[in-house]
Amino acid sequence: MITLLYFARLRESFGISSEQAHPPAHVVDVRSLTEWLRQRGGAWQEELAQSRPVRVAVNQDMAGPDRAVCDGDEIAFFPPVTGG
Amino acid sequence: MITLLYFARLRESFGISSEQAHPPAHVVDVRSLTEWLRQRGGAWQEELAQSRPVRVAVNQDMAGPDRAVCDGDEIAFFPPVTGG
Amino acid sequence: MTVRVQNEDFDLGAEILKLRQGNSGIGAIASFVGLVRDLNENARVAEMTLEHYPGMTEKALAEILEQAKQRWSIIDALVIHRVGSLKPADQIVLVAVSSAHRGAAFAACEFIMDYLKTRAPFWKKEQTEAGARWVDAHESDETAVQRWV
Amino acid sequence: MTVRVQNEDFDLGAEILKLRQGNSGIGAIASFVGLVRDLNENARVAEMTLEHYPGMTEKALAEILEQAKQRWSIIDALVIHRVGSLKPADQIVLVAVSSAHRGAAFAACEFIMDYLKTRAPFWKKEQTEAGARWVDAHESDETAVQRWV
């Protein structure tokens with residue numbers, strides 16, 4: 001089981017801020033996790049489209065597509081940051 | 001007649017902070033004024049030696065050796081500044 | 001080194017005084033305050049909401065301060081960033097750096113702001129006459145951070 | 001644009017508040033405070049006296065602010081510089097710049113400090129254990145100002 005968090009526009013588009021998910025065994029990294037979520041269709045397909053500049057953090061560290069995803073991880077999806 | 005002002009180390013070395021001076025006719029610019037003052041000897045010769053980094057302002061603007069000196073001018077001599 | 005993420009406003013004078021206190025080796029304090037502008041991308045902004053990622057935000061900011069400390073000879077550094085609902089002219093962020101000499105304080109303060117803008121998980125949503133909109137990230141902020149790499 | 005040369009201390013928070021007031025187009029305020037260090041060139045400093053050239057100092061500072069305004073898109077700028085007798089940890093100088101975006105505020109603030117350090121007629125005299133001494137100008141300050149030329 002992994003924890004998924006969504007922030008800002010993604011949180012609004014998906015209508016949820018967090019969920020507990022049980023991805024299938026072929027989900028081993030950020031790339032395959034994103035692809036799996038995209039297959040939900042609708043807002044997921046749209047917001048996680050490869051053309052969209054979505055950022056991912058694994059256990060509160062910024063992560064690239066090759067970053068491994070393990071059981072128990074906290075994985076956040078969000079748009080490029082705009083603080084300051 | 002011109003007004004001469006001295007600041008910081010120069011003020012202390014000369015023992016005066018200002019004076020009204022009547023330089024001879026050959027004093028026409030900052031260079032010749034400095035040379036004329038240097039001829040007073042003692043602290044004047046020492047502090048205004050060419051090796052010393054003395055700064056000059058004419059009428060409150062920084063001035064180079066070629067800057068003209070005219071009757072009525074306010075001319076200040078001081079070390080490189082150290083504020084801030 | 002202090003990081004705070006809070007709803008409440010902050011008092012610049014009091015924060016800088018705390019940063020100065022008890023260290024008379026400090027010769028320089030550079031600080032930056034970011035404020036809500038009433039106009040952004042040609043739209044009047046009535047209100048702004050700042051969202052963040054609790055936990056990761058504090059961690060990211062602490063790492064940015066740590067990097068600044070490794071790169072420059074600084075004495076202390078502080079970041080306060082507000083979240084929640086803000087109005088035009090409200091303070092958003094304070095970054096302050098103390099050091100012996102001014103060069104390090106200026107550089108570290110600007111470095112921290114550039115990294116904060118592109119690496120700390122905050123998101124702004126504006127209320128304008130045309131409705132609510134999420135603020136887009138600026139290409140210029142990514143350009144600014146690249147000069148430190 | 002404000003220039004003040006004064007014996008009295010200044011209140012950073014109050015000054016920045018004044019700079020911000022009445023303009024919600026301000027998105028950024030960069031500021032710098034210079035303080036008396038208790039140690040300078042390996043000698044303990046007990047007291048410092050700041051001398052200036054009345055009239056020329058204010059003129060030189062106003063010109064530096066004017067140059068900053070011409071070079072960057074800034075909204076307002078402020079310099080307060082103290083003179084007279086100061087002790088370690090006392091505030092010496094405040095430079096603050098307001099602008100819409102942070103890049104201009106940071107650059108103008110650092111520019112003003114670099115020019116002030118090398119162009120504004122102030123002189124520091126320190127009281128140390130070894131007696132009184134006039135502070136020598138630093139080569140590094142001249143180097144710093146050259147990058148803006």
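Only heavy atoms go into these numbers, but all of them, side chains included; no hydrogens, no water, no symmetry mates. Chain letters run A, B, ... following the sequence lines, proteins first, then strands; residues in each count from 1.
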Can a donor-acceptor pair be found between the side chains of S31(C) and S31(D) at a distance below 3.5 Å?
-> yes

Using a cut-off of under 4.5 Å for heavy-atom pairs, which of L12(C), D11(C), V33(C) has the most such pairs with chain D?
-> V33(C)

Kindly say whether the aromatic ring centers of F32(C) and F106(D) come within a distance under 6.0 Å.
-> yes

Select one option (side chain, backbone, both, neither) describing which atoms of V36(D) are under 4.5 Å from chain C's heavy atoms.
-> backbone

Could you look at A144(D) and say if it's the side chain, the backbone, both or neither that has a heavy atom under 4.5 Å from chain C?
-> side chain

When the 4.5 angstrom heavy-atom criterion is applied to I16(D) and chain C, the contacting part is side chain

Toward chain D, the part of I26(C) with a non-hydrogen atom under 4.5 Å = both

Would you call R133(D) and E126(D) a salt bridge, taking side-chain N to carboxylate O under 4.0 Å as the test?
-> yes

When A105(C), G13(C), A100(C), S140(C) are compared by non-hydrogen pairs under 4.5 Å with chain D, the top option = A100(C)

Residue among S98(D), G103(D), C109(D) with most heavy-atom pairs under 4.5 Å to chain C = C109(D)

Measure from the side-chain N and O atoms of T118(C) to the backbone N and O of E142(C), and report whether any donor-acceptor pair falls under 3.5 Å.
-> no

So does K69(C) pair up with E66(C), basic N to acidic O under 4.0 Å?
-> no

For residues W72(D) and F111(D), establish whether the separation of their ring centroids is below 6.0 Å.
-> yes

Among the listed options G25(D), A14(D), A96(D), P88(D), the residue most often paired with chain C at heavy-atom distances under 4.5 Å | G25(D)

Can you list the residues that meet the ring-ring contact (aromatic ring centres under 6.0 Å, His included) rule with Y53(C), with sequence neighbours excluded?
-> F7(A)

Which portion of D114(C) sits near chain D, non-hydrogen atoms under 4.5 angstrom = both

Under 4.5 Å to a heavy atom of chain D? For K117(C) that would be side chain

Most chain D-contacting option - heavy-atom pairs closer than 4.5 Å, from I29(C), V95(C), N23(C), I92(C) = I29(C)

What residues form a side chain to side chain contact (heavy atoms under 4.5 Å, CB included) with A89(D), not counting sequence neighbours?
-> S24(C)

So, the part of R102(D) with a heavy atom under 4.5 Å from chain C: the answer is both

